[in-house]
Trainee: 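Below: one structure in C-alpha cells.
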Amino acid sequence: MRQGLAEEGRQSTALPVGIGFLAHHGYPPETLRDAAMIAELTGVSADEVLLKHGLIEETEFYRALATELRLPFLSAPRLSLDARYPESVLTGLAPLTNGSGFVMAPKGQTLARLLKGLRPAHALAITAPSLLSKAVFRTQSRMIAHRAAFELPYAAPTLSSFGGASIVQIAGATLIALVASFCGVAALDLATILLASILSPLFLCIIVLRLATSLLSNPLRAVAPQHHVSDAALPIYTIIVALYRERRIAPRLIAALKGLDYPAVKLDIKLVLEADDHDTQGALKALRLPGNIEIIVAPSGEPRTKPRALNVALPLARGHFTVVYDAEDIPDPAQLRLAVSTFARMPRDVACLQARLTIDNTDDSWLTRLFTIEYAALFDVFNPGLAEIGSPIPLGGTSNHFRTTILREIHGWDAWNVTEDADLGIRLARLGYCVADLPSSTLEEAPITPKAWMRQRTRWMKGFMQTSISHSRKPAEGWSQLGFWRFYAAVALTGGTALSALIYPFCTVLFVILWLSEKPLSTDATWNALWRTGSLTLFFSGMASLFIPALVALQRRRLWRLLPWVGLLPLYYVLVSIAAWQGLWELVTAPFQWNKTSHGHARSSRSGMLQKHHANVARTMSLKIAPP
C-alpha cells in the first residue's frame, strides 16, 4: 500500500505543475502523463490539453483546483460592474460585486504560479472559464450588444450602412430617375442613347474582368508545401460560426469541426447563438462537445444579423488567425494548415484568404444545378482571378481566413450590412489590405426550392446595394485610396452588379426590339453604324462573359455533366433580376431585415447523407432508452 502511494507520488511530481495536483484528487496518472506528452508535442500547457481533448470536464477541473488551493469555487459568480469585456474573459480575472475580492479562471502559467503558492494579496475565488464568460455577459450584456452593433458606425461612419443613403445620394438618384423618365416619355431614342452612354462603361468593366479572369490559371488544389509545419509551431486558430435556428444540422457541424486536421488544443472554436434560439441551444447541449468549442449567446439587440453575432465573438478570439464558417459548411480537413502556410509566404498586407466554396447537393433540383454552375464560376474562376490581378474582391460569406489583429483593427464586420462579406472585401481594399485566393474547397448547401433561393438572393442583392451606398458617400476619398482602376473595378463589382441585375431583362428585350426595328435611332448613318456596332459588341461580349467563366469552371471541377444546364443561365439571371428588385424594395422598407436561409434539407450531398446518418443514430438511441 505504502509502496503504491510512493510510486503515485513520484509519478505526480514528474508531471507539469498545472495538472500534477489532479493525481491527488483521484485522476489516473496515466491520463495525466498522456496529456503532458501531448502538451510537449504541441507546445501548449498541459491543462489546456486535458480540457480541450475532453479528458476532464471543465467544472470538475476547476473544482479540484479550488479544493487544492483551499479557495471557494463559484458556479455563478456575481461580478462588479467594473468587470470588463473582453479583458476579464481573456485574462480569466474579474472583480466580484460589493468589493468582495476577485474571481479567477486561471490557465497555463497563471495556473502554475497559483499552485506554486504565488497568491494575490486580495481575496480570491475560483471558477471555470465558461462560467466566468457567462458572468461577464450577464453583467455587461448591454455594452456587448452596443459594441457589436455600433463599433464600426462610430469609428468610421462613412464606411457603415447604418446611416443609409446620404441626402446627396438620394437627391442624385432622384434627379437621374426624373431625367430618365422625362427622356423616356419625350424621346425614347434619346433616353436609350443616354442610358447606354452612362451604363456601358460600367458593364464593360464587369465584362472585361469576367473574361480576363477566365484566361488565368487557378488550379483547385494548392501545391503541397515543401516543409511540413510541426504541431508545436502551428498558431492558435479561431473559428467563428454564427448559428440561428440550425438544430437540424448541429450534429453535422460538430462532425465537420472535429474532422479538421489541426491540433485540437490549438483550435479556439466559438459558436455564436441568439438568445431566443432555444432549439439550437438544446441541440448543442445534447451533443458531447469537445473542450475546444465554446458556446456564446449573443445579448439581445438590434440588428438581428449574422455580422452582429460575429462581432460579439471577435473580441474574444484568441487565435493568430480567424476563419468564419457557416453552419452547413464542411471545409476540407487540411484547410487551416494550408491557410497557415499560405499566410506565412504572403506579405503582411494580405489580410484575408478566400477559400473556394462549392455546392455538394448539386443534384437536388434544377435550381441547385444552376447554383452549382454559378458558384463554380464565381469561386473557381472569377474571385481567384480578381485576387491575382490585384482587384478589390467582394468576399463570399464563409471560409474567409483573416489575420485577427487586422480584422480587429478595421472594426470587424458592419452589423448593418446584410452582405457583410462583400462590404468587408471592399473595405479591406480601401484601407490598404489585399485578399488572396486559398485553393481549398468548402462544401456548401444550396437552397433547393425557388422560395428559399429567392429569399437568400434578395438579401444578397440588397446587401450589394447597401455596400454600393456606403462606399460611394465620398467617391473622391475612395478614388484616392484605391487609385482609378481599382476604384473603377470596385464600383463595377458592387454597384455594377446590382444595377446590371436590375436592368438585365429590360436591356435584353430593348436590344432585341431595337435590332428588329427598321427605324434608325438617328438620321446620321455614321452614328447609326456606331450604335449598332457598339450595342452588338456589348451584348455578345456580355453573353460571352456569362458562358465562358462557367465553361472554364466546369472544366476545373470536372462537372461536364452540367454542360446542358449552362444554356439556361440567361433565364437563371432573370430570377436574379427579380431578386434584385425585391432587394431594392426591402432596401427602402426593411433595410436591415435578415432573410434567414434554412439548412439541413439536402438530399443528394455527402453532408445530407451524413445528417441522415446522425438522425438515424439519434432515433435508434432514443428507442433504446425509451421506457417500455
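This chain uses plain numbering: 1 for the first residue, then up along the sequence.
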Trainee: Within a reach of under 6.0 Å around NZ of Lys134, are more than 12 heavy atoms found that belong to other residues, nucleotides or ligands?
Mentor: no

Trainee: Is Glu328 salt-bridged to Arg252, going by a charged N under 4.0 Å from an acidic O?
Mentor: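 Not counted as a salt bridge, because no side-chain N and carboxylate O are separated by less than 4.0 Å.
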
Trainee: Show the nearest heavy-atom pair for residues Gly164 and Arg473, with the distance to one decimal.
Mentor: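 For Gly164 and Arg473, the tightest heavy-atom pair comes out as O-NH2, 2.7 Å.
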
Trainee: Using a strict 4.0 Å threshold on nitrogen-to-oxygen distance, state whether Arg308 and Glu274 make a salt bridge.
Mentor: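 The answer is yes: the pair qualifies as a salt bridge.
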
Trainee: Tell me which one of Thr238, Thr404, Asn292 satisfies side-chain hydrogen bond (donor to acceptor under 3.5 Å, both in side chains) with Asp268.
Mentor: Thr238

Trainee: Taking NZ, NE, NH1 and NH2 as the nitrogens, is one of them in Glu586 or Arg455 under 4.0 Å from a carboxylate oxygen of the other?
Mentor: no

Trainee: Please state whether the rings of Phe162 and Phe150 are parallel, tilted or perpendicular, taking 30° and 60° as the class boundaries.
Mentor: perpendicular

Trainee: Can you name the closest pair of heavy atoms from Asp329 and Ser399 and give their distance?
Mentor: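 In this case the closest contact between Asp329 and Ser399 is OD2-OG, 4.2 Å.
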
Trainee: Can any side-chain N or O of Thr449 pair as donor or acceptor with the backbone N or O of Ala452 at less than 3.5 Å?
Mentor: yes

Trainee: Taking the inter-plane angle between the rings of His401 and Tyr237 on a 0 to 90° scale, is it parallel (under 30°), tilted (30 to 60°) or perpendicular (over 60°)?
Mentor: perpendicular

Trainee: List the atom of Ala355, the atom of Ser440, and the distance in Å for their closest heavy-atom pair.
Mentor: CB-O, 3.4 Å

Trainee: Report yes if some heavy atom in the side chain of Thr467 is under 4.5 Å from a heavy atom in the side chain of Ser161; otherwise report no.
Mentor: no

Trainee: Using every non-hydrogen atom in the two residues, find where Thr305 and Ala415 come nearest and quote the distance to one decimal.
Mentor: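 It is OG1-O, 2.8 Å.
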
Trainee: Only one of Thr442, Asn383, Asp437 clears side-chain hydrogen bond (donor to acceptor under 3.5 Å, both in side chains) with Arg356; which?
Mentor: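 Going through the options one by one, the only one that passes is Asp437.
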
Trainee: Are Tyr244 and His599 an aromatic pair, judged by ring center distance below 6.0 Å?
Mentor: no

Trainee: Assess whether atom CZ of Arg138 is packed by more than 12 heavy atoms of other residues, nucleotides or ligands within 6.0 Å.
Mentor: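 Counting other residues, nucleotides and ligands, CZ of Arg138 exceeds 12 neighbours.
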
Trainee: Is any NZ, NE, NH1 or NH2 atom of the basic residue among Arg247 and Asp277 found under 4.0 Å from an Asp or Glu carboxylate oxygen of the other?
Mentor: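 No, this pair does not count.
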
Trainee: In terms of heavy-atom contacts, does CZ of Arg486 have more than 12 from other residues, nucleotides or ligands at under 6.0 Å?
Mentor: yes

Trainee: Can you confirm if the NZ or CZ of Arg304 lies within 45° of the ring axis of Phe592 and under 6.0 Å from the centre of its six-membered ring?
Mentor: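 No, Arg304 and Phe592 do not form such a contact.
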
